Amino acid sequence: MRRRDLILGLGGAFAAPFVARAQQKAMPVVGFLSAISPEPLAPFVAGFREGLSETGYVEGRNVAIEYRWAEGHYERLPALAADLVGRKVDVIASTGGVTPARAAKSATSTIPIVFVTGGDPVGDGLVASLARPGGNLTGVSFLIVELERKRIELLSELVPQAMVIALLVNPNSPNAEPVIRDVQEAARAKGVQLHVLKAGTESEIDGAFASLVQQHAGALLVAGDPFFESRRQQLIALASRHAVPAIYSEREFTAAGGLISYGTSRTAAYRQVGVYAGKILNGAKPADLPVQQPTKFELVINLKTAKALGLEIPPTVLALADEVIE
């Protein structure tokens, strides 16, 4: 063999591993876009990671996750979504309501998006239908608006002497008006007076509770909303300070000291978002993945809080509970 041929042969041998490595697919990246902050979302993010792992993806091992937190400042979402698109993530998980999902949808028509929202994905313009989403979006809807009517019925049964009930809503939420309409109808059917309180900032929450006291409301319904999730401790503390029985949309409020909650398992919803994100990384298309809706709802009661309020839980309500915290 001539010396020149030997050098070329050795060069090819050394180059081969580098070529092979270059041809290997880089670790996929999931963009996680949230309307709120990391702390209140921690148990749900754990559920998301669990869903990813069920499809074979473990953060740091064979998938990277880029987190973007709006921390309650919805106006930041378009820029955060655009940043993820600019980083060429493989899929975006949109969490915290319809607003981040819309921001992600506006930022890209090609990168797959998996959302979790409490509204109507079809009515909100996210998908063409639940069964056949079409486009680049699919996800999970956990029926916040539809369940508010049931929550006021439970609250009326829990505190039958309350002839005035307050509803706390976030005026910045696209679900605010549908929630107000549904709860007003339910209140009329129950023969109770409803006072609507609006709060979109921390200080407005304090002001809402002051109004609640002035209006002599005997109970409070806190509408499901990502902003209220981020202010969980503040809401529970104020309800305790003013000794007002309150019902919430998720178990995490009751576990943290709230009186009662009724709704879907958020952890399970986020797990499903993780499953869908993993399926998409494995080659599935969002258009072929139906939007999931919960079939199970959980009623959680905190007896310690009830005792502190001097409230006796009616046996009929207690019998319906999926979990009782003592």
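All heavy atoms count here, side chains included; hydrogens, waters and symmetry mates do not. Bear in mind that the values here come from a model prediction, so they are computed numbers and not experimental data.
When the side chains of ILVMFWY residues are joined at heavy-atom separations under 4.5 Å, either directly or via intervening members, Val192 and Val179 end up in a single hydrophobic cluster. Residue Leu168 is grouped with residue Phe253 when hydrophobic side chains (ILVMFWY) are merged at heavy-atom distances under 4.5 angstrom, including chains of intermediate members. Cluster annotation: Leu155 is not connected to Val300 through the hydrophobic network of ILVMFWY side chains, with a link wherever side-chain heavy atoms come within less than 4.5 Å. Hydrophobic clustering, with ILVMFWY side chains joined whenever heavy atoms are under 4.5 angstrom apart, keeps Leu259 apart from Ile325. Following chains of ILVMFWY side-chain contacts shorter than 4.5 Å, one can reach Ile65 starting from Val116, so the two form part of one hydrophobic cluster.
Listed for the Ser37 side chain is no donor-acceptor partner under 3.5 Å among the backbone atoms of Glu39. At distances below 3.5 Å, at least one donor-acceptor pair connects side-chain atoms of Ser230 with backbone N or O atoms of Phe227. Between the Ser173 side chain and the Asn170 main chain, no donor and acceptor come within less than 3.5 Å of each other. Side chain of Thr264 to backbone of Phe297: no donor-acceptor contact under 3.5 angstrom is found. In this structure a side-chain-to-backbone donor-acceptor pair under 3.5 Å is missing from Ser94 to Phe115. Checking side-chain atoms of Lys285 against main-chain N and O of Pro112 turns up no donor-acceptor pair under 3.5 Å. Without hydrogens or angle criteria, Ser240 side chain to Ile236 main chain gives no donor-acceptor distance under 3.5 Å. A donor-acceptor pair under 3.5 Å is absent between the side-chain atoms of Asn175 and the main chain of Asp225, judged by distance alone.
Side-chain contact between Glu229 and Arg266: present, with at least one pair of heavy atoms (C-beta onward) separated by less than 4.5 Å. Using a 4.5 Å heavy-atom cutoff, the side chains of Leu281 and Thr55 are not in contact. Side-chain contact check for Leu126 versus Val98: some heavy-atom pair is nearer than 4.5 Å. Asp90 has its side chain out of reach of Ile111: every pair of non-hydrogen atoms, C-beta onward, lies at least 4.5 Å apart. Looking only at side-chain heavy atoms (C-beta outward), Leu33 and Ile113 stay at 4.5 Å or farther from each other. Between Thr95 and Pro100, every side-chain heavy-atom pair lies at or beyond the 4.5 Å cut-off. Here the side chains of Val30 and Glu66 are not in contact, with every heavy-atom distance at 4.5 Å or above. In this structure, the side chains of Lys105 and Leu137 come closer than 4.5 Å at one or more pairs of heavy atoms.
In this structure, CZ on Arg76 lies 13.5 Å from CG on Asp83, to the nearest 0.5 angstrom. To the nearest 0.5 Å, atom CG of residue Leu167 and atom CD1 of residue Ile247 are 12.0 Å apart. Within the model, atoms CG of Leu235 and CD of Gln233 stand 9.5 Å from one another, a figure rounded to the nearest 0.5 Å. Between Ser53 atom OG and Asn62 atom CG the span is 10.0 Å, to the nearest 0.5 Å. Atoms CZ and CD, from Arg241 and Gln234 in turn, are 9.0 Å apart once rounded to the nearest 0.5 Å. In this structure, CG on Leu84 lies 5.5 Å from CD1 on Ile92, to the nearest 0.5 angstrom.
For the pair Glu202 and Arg231, the salt-bridge criterion is met [side-chain N within less than 4.0 Å of a carboxylate O]. Looking at Glu148 and Lys150, no side-chain N of the basic residue comes within less than 4.0 Å of a carboxylate O on the acidic one, giving no salt bridge. Between Arg232 and Glu252 there is no salt bridge, since none of the side-chain N atoms of the basic residue sits less than 4.0 Å from a carboxylate O of the acidic one. A salt bridge does not link Lys307 to Glu312: none of the charged nitrogens lies less than 4.0 Å from a carboxylate oxygen.
The shortest non-hydrogen separation linking Pro174 to Thr99 is CD-OG1, 4.1 Å. A pairwise comparison of heavy atoms in Gly258 and Tyr248 identifies CA-CE1, 3.7 Å as the closest pair. Nearest approach of Val159 to Pro245, heavy atoms of both residues: CG2-CB, 3.8 Å. Heavy-atom minimum distance, Val114 versus Gly139: CG1-CA, 3.9 Å. Here the closest non-hydrogen pair linking Gly96 and Tyr74 is O-OH, 4.5 Å. Of all the heavy atoms in Thr254 and Ile260, the pair that sits closest is OG1-C, 3.5 Å.
With hydrogens and angles left out, the side-chain atoms of Thr316 and Glu157 include a donor and acceptor closer than 3.5 Å. Side-chain contact of Arg251 with Thr267: a donor-acceptor pair under 3.5 Å is absent, judged by distance alone. In the model, Asn302 has no side-chain atom that pairs as donor or acceptor with a side-chain atom of Glu326 under 3.5 Å. Defined by atom type and a distance below 3.5 Å, a donor-acceptor pair is present between the side-chain atoms of Ser203 and Thr201.
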- Task: Determine, stepwise, if the pair Phe48 / Tyr270 fulfils ring pair (Phe, Tyr, Trp, His ring centres under 6.0 Å).
- Result: CA-CA 5 Å; Phe48 173 74; Tyr270 277 72; 7.7 Å; no

- Take Arg149 and Glu185 through the test salt bridge (charged side-chain N to carboxylate O under 4.0 Å, His left out) and record every step on the way to the result. CA-CA 8 Å; Arg149 182 183 294 268; Glu185 289 178 12; 2.8 Å; yes

- Leu154 and Leu299: side chain to side chain contact (heavy atoms under 4.5 Å, CB included), yes or no, with the steps? CA-CA 10 Å; Leu154 284 166; Leu299 174 64; 3.9 Å; yes

- Message: Does Ser261 form a side chain to side chain donor-acceptor pair (under 3.5 Å) with Arg151? I'd like the steps, not just the answer.
- Response: CA-CA 8 Å; Ser261 61; Arg151 291 186 188 108; over 6 Å; no

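Among residues two or more places apart in sequence or in another chain, the side-chain hydrogen bond (donor to acceptor under 3.5 Å, both in side chains) test is passed with Arg49 by Glu59, Tyr67.
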List, one per line, each side-chain donor-acceptor pair under 3.5 Å for residues 210-223, sequence neighbours excluded.
from	atom 1	to	atom 2	distance (Å)
Ser211	OG	Gly207	O	3.3

Donor-acceptor pairs under 3.5 angstrom involving side-chain atoms of residues 288-295: please list them, not counting sequence neighbours.
from	atom 1	to	atom 2	distance (Å)
Gln292	NE2	Tyr276	OH	2.9

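In this pair, Phe32 and Trp69 present their aromatic rings tilted. The plane angle is within the 30 to 60° band.
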